Amino acid sequence: MDLDVSALKFNPSYTFDCGQAFRWRPVDSQKSIWVGAIGRSVISVTRDRVRIHSQEVHAQHHSDKVLDYFTPEDDLDSILERLPKDEFLSGAIREFPGLRILTQDPWECLVSFVCSINKNIPAIKLAIENLCDRFGDPISSDIGIYHTFPSPEALANAKQSDLLSCKVGFRWKYIKYIAMKIQSGELNLESLRNLSYEDARQAIVSKLSGRTFGVGPKVADCALLFSLHKTNAFPIDVWMSRCIREHYASMLRIEKTVLKKSLTPRTYALLSGTMRLHFGKYAGYAQQYLYMKTRTDSLYSR
DNA sequence: TCCCAGGTCCTAC
DNA sequence: GTAGGACCTGGG
């Protein structure tokens with residue numbers, strides 16, 4: 001089944017390679033066709049169309065869910081138009097046209113970003129793929145066997161040794177205990193969709209922050225932006241710290257001394273809050289374009 | 001062989 | 001409140 005997505009004007013390469021999702025793979029050297037799984041559907045994606053390769057009984061239900069993943073309610077042009085422009089952001093938007101923010105499954109997104117803690121991107125992808133292969137359900141399709149992202153039940157019941165065999169390292173206990181919180185119903189991520197950024201964030205942090213759970217401000221903000229579609233979230237990572245230091249500190253009157261210190265909770269709140277205030281309702285879009293630009297500039301200058 | 005990675009937690013001030 | 005260290009493990 002094919003879905004026409006040309007109206008979304010999106011670029012799969014920028015959208016899948018900007019670090020918001022970790023399971024998409026290009027299947028041609030030009031990176032014009034990407035393959036991955038959304039829920040129980042195996043998907044291939046080009047600029048204009050999304051093709052569903054797995055045979056499932058409730059076809060309409062699946063195609064709706066697949067389309068939602070691409071956040072069709074967001075009109076990219078008008079969002080980018082509304083952002084307060086400066087030279088650096090304008091350059092980023094020119095350089096990466098069609099970079100969209102996805103609406104991923106919040107459970108998958110949260111666990112993926114827990115896997116990202118203190119890992120580089122290839123290692124993150126490897127660990128997540130291992131988890132899917134080991135704990136996900138196989139889905140057959142006309143382009144091969146894929147796996148779903150594991151359910152909370154599967155990871156809540158997983159043995160330490162089996163999680164470690166997926167190369168998640170010390171994060172194994174975070175993953176297991178978050179899964180248990182979700183499985184027990186103590187935290188329902190889907191129910192946070194209708195809450196404000198602040199309330200949804202509070203719900204996640206209050207349940208999942210601390211020794212057992214390992215969900216700090218950055219991981220929480222990524223889940224809020226990339227799955228619960230809180231577009232005013234503004235995650236701060238090492239790249240964004242660099243970006244702020246080089247391009248926004250003086251404009252937004254952020255003291256340079258703040259940026260030299262390690263990222264304490266207070267510093268995080270200050271930086272993220274300042275950027276959210278500056279960029280407004282769609283600050284998260286600005287963040288993604290700035291992230292992409294900062295990262296590629298750094299790669300070319302090495 | 002060694003350092004580092006889309007962070008977070010703990011400990012000692 | 002915060003600096004400084006530890007943390008699994010694969011990649012560069």
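Chain A is the first sequence line, chain B the second, and so forth, proteins listed ahead of strands; every chain is numbered from 1. Here the structure is a predicted model, which means the values were calculated and not measured.
- Look at the P atom in both dT1(B) and dC8(C): the space between them is 22 Å, to the nearest Å.
- Side-chain contact between L131(A) and L163(A): present, with at least one pair of heavy atoms (C-beta onward) separated by less than 4.5 Å.
- Residue pairs meeting the side chain to side chain donor-acceptor pair (under 3.5 Å) criterion with at least one member in residues 220-238 of chain A, sequence neighbours excluded: D74(A)-H229(A), Y197(A)-D221(A), R201(A)-D221(A), D221(A)-Y268(A).
- Between the C1' atoms of dT2(C) and dG6(B), the separation comes to 23 Å (whole Å).
- Nucleotide dG11(C): paired with dC3(B) (Watson-Crick or G-U wobble, both distances less than 3.5 Å).
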Full working for side chain to side chain contact (heavy atoms under 4.5 Å, CB included) between I204(A) and L192(A): CA-CA 9 Å; I204(A) 291 178; L192(A) 307 180; 3.6 Å; yes
Annotated protein contacts, base or backbone, on nucleotides 3-13 of chain B with a non-hydrogen cut-off under 4.0 Å, one of B, S, - each: --BBBSSS---
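- A donor-acceptor contact under 3.5 Å is formed by the side chain of R171(A) with the base of dC8(C).
- For residues 11-20 of chain A, the set of pairs meeting the side chain to side chain donor-acceptor pair (under 3.5 Å) definition, not counting sequence neighbours, comprises D17(A)-K31(A).
- Residues satisfying the ring pair (Phe, Tyr, Trp, His ring centres under 6.0 Å) criterion with F213(A), sequence neighbours excluded, are absent altogether.
- Distance E129(A) CD to dG10(C) P: 16 Å, rounded to the nearest Å.
- Atom NZ of K65(A) has 12 or fewer heavy atoms from other residues, nucleotides or ligands within 6.0 Å.
- Remark: aromatic rings of F113(A) and F226(A) are close, center separation under 6.0 Å.
- Contact check, S262(A) against dA3(C): a side-chain N or O comes under 4.0 Å of OP1 or OP2.
- For K167(A), no side-chain nitrogen or oxygen approaches OP1 or OP2 of dT9(C) to under 4.0 Å.
- Residue I52(A) belongs to a hydrophobic cluster whose other members are M1(A), L3(A), V5(A), L8(A), F10(A), F16(A), W24(A), W34(A), I38(A), I43(A), V45(A), V50(A), V66(A), L67(A), Y69(A), F70(A), L102(A), with links defined by side-chain heavy atoms closer than 4.5 Å.
- Contacts between residues 88-105 of chain A and DNA chain B, counted as heavy-atom distances below 4.0 Å, involve no residue at all.
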